[in-house]
Colleague: 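Please find one structure pasted underneath; my questions will follow.
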Amino acid sequence: MRQPTYYELVYAVVREIPRGRVSTYGAIADFLALGAARMVGWALNKSFLGDDVPAHRVVNRKGELSGRNHWPTPIMMQEMLEQEGVVVEDNCVKDFERLFWHPSALGEDFEVHP
DNA sequence: TGTTTGACCACGG
DNA sequence: GCCGTGGCCAAAC
């Protein structure tokens, strides 16, 4: 057993993303004070493998599905978002600013369940 | 053990 | 408005 690492926190935050909403790597990294948004992407790389982490709800700051190429099928990520009511066009989230969800919405004392 | 990479972001030209 | 560079931290080779 080990202490909760940074990506454990990422899993918790991504897991709490409401359905039909999307978040960005920078927002999560900023909320967790990781200082490096790349770590979020790296963590999610392992997350979608077996954990119940909706990584499809996490996109880059442009609202583009940058991680679609790492999914089993590139269209799977888009299909997932559309299934949740998120409109994706040209690999970009439509009304991204409106569907954007910030982890601070959980509150500063969010809890991590491993 | 040192180097390289990585689903990024911000800034400068 | 697009392209290039730096920074950031951790895991993989």
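Order of the sequence lines fixes the chain letters, A, B, ..., with proteins taken first and strands second; residue numbering starts at 1 for each chain. Source: prediction; values computed, not measured.
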Colleague: Figure out the CG/P separation between Asp30(A) and dA10(B), and round it to whole Å.
Modeller: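 In whole Å, dA10(B) P lies 9 Å from Asp30(A) CG.
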Colleague: Considering every strand and a 4.0 Å limit on heavy-atom distances, what is the contact class for Leu34(A): base, sugar-phosphate, or nothing?
Modeller: sugar-phosphate
Colleague: Grab the CD-P distance between Glu8(A) and dA10(C) for me, whole Å please.
Modeller: 15 Å
Colleague: Identify which nucleotide among dG6(B), dA7(B), dC8(C) has an atom closest to any side-chain atom of Met39(A), counting heavy atoms from C-beta outward.
Modeller: dG6(B)
Colleague: Quickly work out the Met77(A) CE to dA7(B) C1' distance and round it to whole Å.
Modeller: 8 Å
Colleague: dC8(B) C1' sits how many Å from Ile28(A) CD1, rounded?
Modeller: 12 Å
Colleague: Say you draw a straight line from CD1 of Ile17(A) to NE2 of His102(A); how long is it, rounded to the nearest 0.5 Å?
Modeller: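 Spacing of CD1 (Ile17(A)) from NE2 (His102(A)) equals 11.0 Å.
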Colleague: Between Met80(A) (CE) and dA7(B) (C1'), how many Å, whole number?
Modeller: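 That distance rounds to 15 Å.
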Colleague: If you look at every heavy atom in Tyr25(A) and Asn60(A), which pair is closest and at what distance?
Modeller: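 In terms of heavy atoms, the two residues are closest at CE1-N, 3.3 Å.
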Colleague: Say you draw a straight line from CG of Leu81(A) to CG of Asn91(A); how long is it, rounded to the nearest 0.5 Å?
Modeller: 10.5 Å
Colleague: What nucleotide, of dC8(C), dC9(B), dA7(B), holds the atom closest to the side chain of Arg38(A)?
Modeller: dC8(C)
Colleague: So if I take every side-chain heavy atom of His70(A) and compare against dG6(B), dC8(C), dA7(B), which nucleotide ends up nearest?
Modeller: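 It is dA7(B).
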Colleague: Remember a base hit wins even if backbone is also touched, and classify Ala29(A) as base, sugar-phosphate or nothing at under 4.0 Å, heavy atoms.
Modeller: nothing
Colleague: Could you work out which one of dA11(C), dC9(B), dC8(B) sits closest to the side chain of Trp42(A)?
Modeller: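 Nearest nucleotide to the side chain: dA11(C).
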Colleague: State the CE-CG distance between Met39(A) and Leu44(A), to the nearest 0.5 angstrom.
Modeller: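 One gets 11.5 Å once the value is rounded to the nearest 0.5 Å.
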Colleague: Any idea which of dA11(C), dC8(C), dC9(B) is nearest the Lys46(A) side chain?
Modeller: dA11(C)
Colleague: Nearest whole Å is fine: how far is dC9(B) P from Arg61(A) CZ?
Modeller: 7 Å
Colleague: Could you check how far CG of Leu44(A) sits from P of dT5(B), rounded to whole Å?
Modeller: 22 Å
Colleague: Is Ser66(A) near enough to dC8(B) that one of its side-chain N or O atoms lies under 4.0 angstrom from OP1 or OP2?
Modeller: yes
Colleague: Short question: side chain of Ser23(A), backbone of Val58(A) - any donor-acceptor pair under 3.5 Å?
Modeller: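 No; zero donor-acceptor contacts below 3.5 Å.
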Colleague: CD of Glu64(A) versus P of dC8(B): gap in Å, rounded?
Modeller: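 One finds 9 Å between P of dC8(B) and CD of Glu64(A), rounded.
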